[in-house]
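The structure presented is a predicted model; accordingly, all values stated were derived computationally and were not measured. Index from 1, following the sequence.
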Amino acid sequence: MVEKALVKVGILFGGKSVEHEVSLLSAKNVMDALDLDRFELVPIFVDKAGRWLLVDSLDSLLEETESGGAVINHGQLVSFFPGGKGRLVHLSDMASSTYVDVVFPVLHGSCGEDGSIQGLLKLAGVPYVGSEIIGSAIGMDKDVSKRLLREAGIPVAPFYAFKRGDVIDCRKVLEELGLPVFVKPASLGSSVGVAKVEDVSGLQAAIDAAFKFDAKVLVEKFIEGREIECAVLGNDDPIASVVGEISSSHDFYSYEAKYVDKKAVKLTVPVNIDPTIADRVRALSVQSFHVLCCTGMARVDFFLSKDGSLLVNEINTIPGFTSMSMYPLLWQATGLVYRELISQLIELAMQRFAMNEELKTSF
């Protein structure tokens with residue numbers, strides 16, 4: 001009897017992003033959960049200079065990151081190329097290659113979940129986990145995604161979006177939005193560059209600080225309410241998980257609260273809320289997933305007000321997979337264990353790729 005070949009899964013992690021370190025933590029969990037009876041692991045590290053390297057282990061990279069060392073000379077420099085069908089060329093010896101059957105991008109932030117990597121992988125002709133180019137780009141841009149959600153009748157908080165160089169009348173903004181407000185880079189995650197502004201004098205400084213991370217910035221009305229999250233899984237017919245809640249002793253769910261001060265955060269999965277509201281959260285999550293052209297996976301974040309009304313805060317197309325991340329926790333509470341979740345995400349990627357391959361390219 002001939003044994004079935006293992007599917008080679010390229011785990012792509014690191015990245016040229018301020019969320020580089022978060023990506024390493026997520027990738028560690030994904031690698032540990034990979035079913036090695038079905039899949040073969042091919043770790044691909046993207047350093048902060050943007051170089052791709054085949055590595056043997058993530059452990060040494062985590063050690064160097066934690067000690068503040070520069071992660072630079074690990075592994076074999078590689079690159080995909082258009083039409084390569086999963087071929088990673090070894091740049092030190094162009095005749096040598098490593099092949100992968102599917103790529104699992106565990107890249108957070110810019111050049112990772114904004115459509116950049118997705119476009120490269122599409123040109124390379126290799127299946128990849130998560131949303132395609134358009135869903136990734138839309139989901140990453142909070143301004144565009146909120147406008148599309150609002151157009152579809154899905155409630156979002158009132159906001160302004162500004163591009164670098166715009167003339168900003170802070171008093172006019174605050175007259176409409178009131179105080180406090182949140183200032184956010186439009187295309188970053190993990191609460192990087194986010195500030196809560198509670199007085200008129202602090203708004204311009206917060207906007208200037210956010211512009212250090214992005215060319216577009218949002219100023220958003222503060223919504224008093226509970227932070228509710230739901231996970232979505234699937235392609236054309238996605239399903240939603242149970243509903244969870246994040247509460248923090250910090251002023252808001254900042255980067256430090258998410259990844260540094262673990263005692264400051266409480267994750268309640270599933271959360272005890274009115275079943276009608278929970279059903280509404282799940283329905284809005286799937287609707288948002290469709291409206292924003294997502295595939296594979298996403299986490300949808302909400303504000304739940306005291307009167308029971310819901311607002312969609314944002315969608316994350318490559319949610320965290322760290323030990324404190326809601327996406328895998330929500331699915332575990334729904335009955336889908338971590339290992340099977342990773343397997344299903346890989347299978348969804350390969351199914352979507354196979355369907356796209358059947359599309360005509362000639363008329």
Inset, instruction - Kindly determine whether Val7 and Met350 satisfy side-chain contact (heavy atoms from CB on, under 4.5 Å), including the steps that lead there. - result: CA-CA 10 Å; Val7 174; Met350 298 180 75; 4.0 Å; yes
Inset, instruction - Before giving the answer on side-chain contact (heavy atoms from CB on, under 4.5 Å), spell out for Leu58 and Val55 the whole-Å C-alpha distance, their side-chain angles and the decisive distance to 0.1 Å. - result: CA-CA 7 Å; Leu58 182 56; Val55 295; over 6 Å; no
Legend entry - salt bridge (charged side-chain N to carboxylate O under 4.0 Å, His left out) between Asp141 and Lys216, intermediate numbers included: CA-CA 9 Å; Asp141 189 316; Lys216 185 163 61 171; 3.0 Å; yes
Inset, instruction - Go through Glu113 and Leu107 one step at a time and tell me if the side-chain contact (heavy atoms from CB on, under 4.5 Å) criterion holds. - result: CA-CA 6 Å; Glu113 57 182 311; Leu107 294 166; over 6 Å; no
Inset, instruction - Would you please test Val89 and Phe81 for side-chain contact (heavy atoms from CB on, under 4.5 Å) and show each step? - result: CA-CA 8 Å; Val89 175; Phe81 66 93; 3.6 Å; yes
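Take Arg147 and apply the side chain to side chain donor-acceptor pair (under 3.5 Å) test, not counting sequence neighbours, and it matches Asp143. With sequence neighbours excluded, the residues forming a side chain to side chain donor-acceptor pair (under 3.5 Å) with Asp301 are Arg299, listed by chain and number. For Lys85, the salt bridge (Lys or Arg N to Asp or Glu O under 4.0 Å) partners are Glu357, not counting sequence neighbours. For Asp93, the side chain to side chain donor-acceptor pair (under 3.5 Å) partners are Ser96, not counting sequence neighbours. With sequence neighbours excluded, the residues that form a ring pair (Phe, Tyr, Trp, His ring centres under 6.0 Å) with Phe80 are Trp52. Taking His290 as the reference, nothing meets the side chain to side chain donor-acceptor pair (under 3.5 Å) condition, with sequence neighbours excluded.
Annotation: ring pair (Phe, Tyr, Trp, His ring centres under 6.0 Å) contacts involving residues 153-181, sequence neighbours excluded, comprise Tyr160-Phe162. Sorted by first then second residue, the salt bridge (charged side-chain N to carboxylate O under 4.0 Å, His left out) pairs that include residues 166-184, not counting sequence neighbours, are Lys184-Glu220.
Between Asp47 and Lys16 there is no salt bridge, since none of the side-chain N atoms of the basic residue sits less than 4.0 Å from a carboxylate O of the acidic one. For the pair Lys48 and Glu21, the salt-bridge criterion is met [side-chain N within less than 4.0 Å of a carboxylate O].
Crowding of Arg280 atom CZ: a count of heavy atoms from other residues, nucleotides or ligands under 6.0 Å not exceeding 12. Around atom CG of Asp237, no more than 12 heavy atoms belonging to other residues, nucleotides or ligands sit under 6.0 Å away.
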Please set out all donor-acceptor pairs under 3.5 angstrom arising from side-chain atoms of residues 199-212, sequence neighbours excluded.
| residue | atom | partner | partner atom | Å |
| --- | --- | --- | --- | --- |
| Asp199 | OD1 | Ser201 | N | 3.2 |
| Asp199 | OD1 | Ser201 | OG | 2.4 |
| Asp199 | OD1 | Gly202 | N | 3.0 |
| Gln204 | NE2 | Asp208 | OD1 | 3.0 |

Which atom pairs, donor and acceptor, lie under 3.5 Å between side-chain atoms of residues 123-135 and protein residues at least two apart or in another chain?
| residue | atom | partner | partner atom | Å |
| --- | --- | --- | --- | --- |
| Ser131 | OG | Thr295 | N | 3.0 |
| Ser131 | OG | Thr295 | O | 3.2 |
| Glu132 | OE2 | Arg352 | NE | 2.9 |
| Glu132 | OE2 | Asn356 | ND2 | 2.8 |

Would you mind writing out the side-chain donor-acceptor pairs for residues 36-45 within the sub-3.5 Å range, not counting sequence neighbours?
| residue | atom | partner | partner atom | Å |
| --- | --- | --- | --- | --- |
| Arg38 | NH1 | Ser343 | OG | 3.4 |
| Arg38 | NH2 | Glu347 | OE2 | 2.0 |

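A side-chain donor-acceptor contact under 3.5 Å links Thr334 to the backbone of Leu330. Looking only at distances, no side-chain donor or acceptor of His90 sits under 3.5 Å from a matching main-chain atom of Val78.
A single hydrophobic cluster is not seen to contain both Ile138 and Leu121; linkage of ILVMFWY side chains at heavy-atom distances under 4.5 Å, directly or through other members, places them apart. Put simply, Phe213 and Val217 are part of two different groups of oily side chains (I, L, V, M, F, W, Y) that touch within less than 4.5 Å, one to the next.
Side-chain contact of His108 with Ser26: a donor-acceptor pair under 3.5 Å is present, judged by distance alone. Counted by atom type alone, Ser288 and Ser285 present zero donor-acceptor pairs between their side chains at under 3.5 Å.
Classification of the Phe222-Phe182 ring pair by plane angle, with boundaries at 30° and 60°, yields tilted.
Atom-to-atom distance recorded for Ile154:CD1 and Gln287:CD is 3.5 Å, nearest 0.5 angstrom.
Under a 4.5 Å side-chain heavy-atom cut-off, the cluster of Ile, Leu, Val, Met, Phe, Trp and Tyr residues that includes Met355 has no other member.
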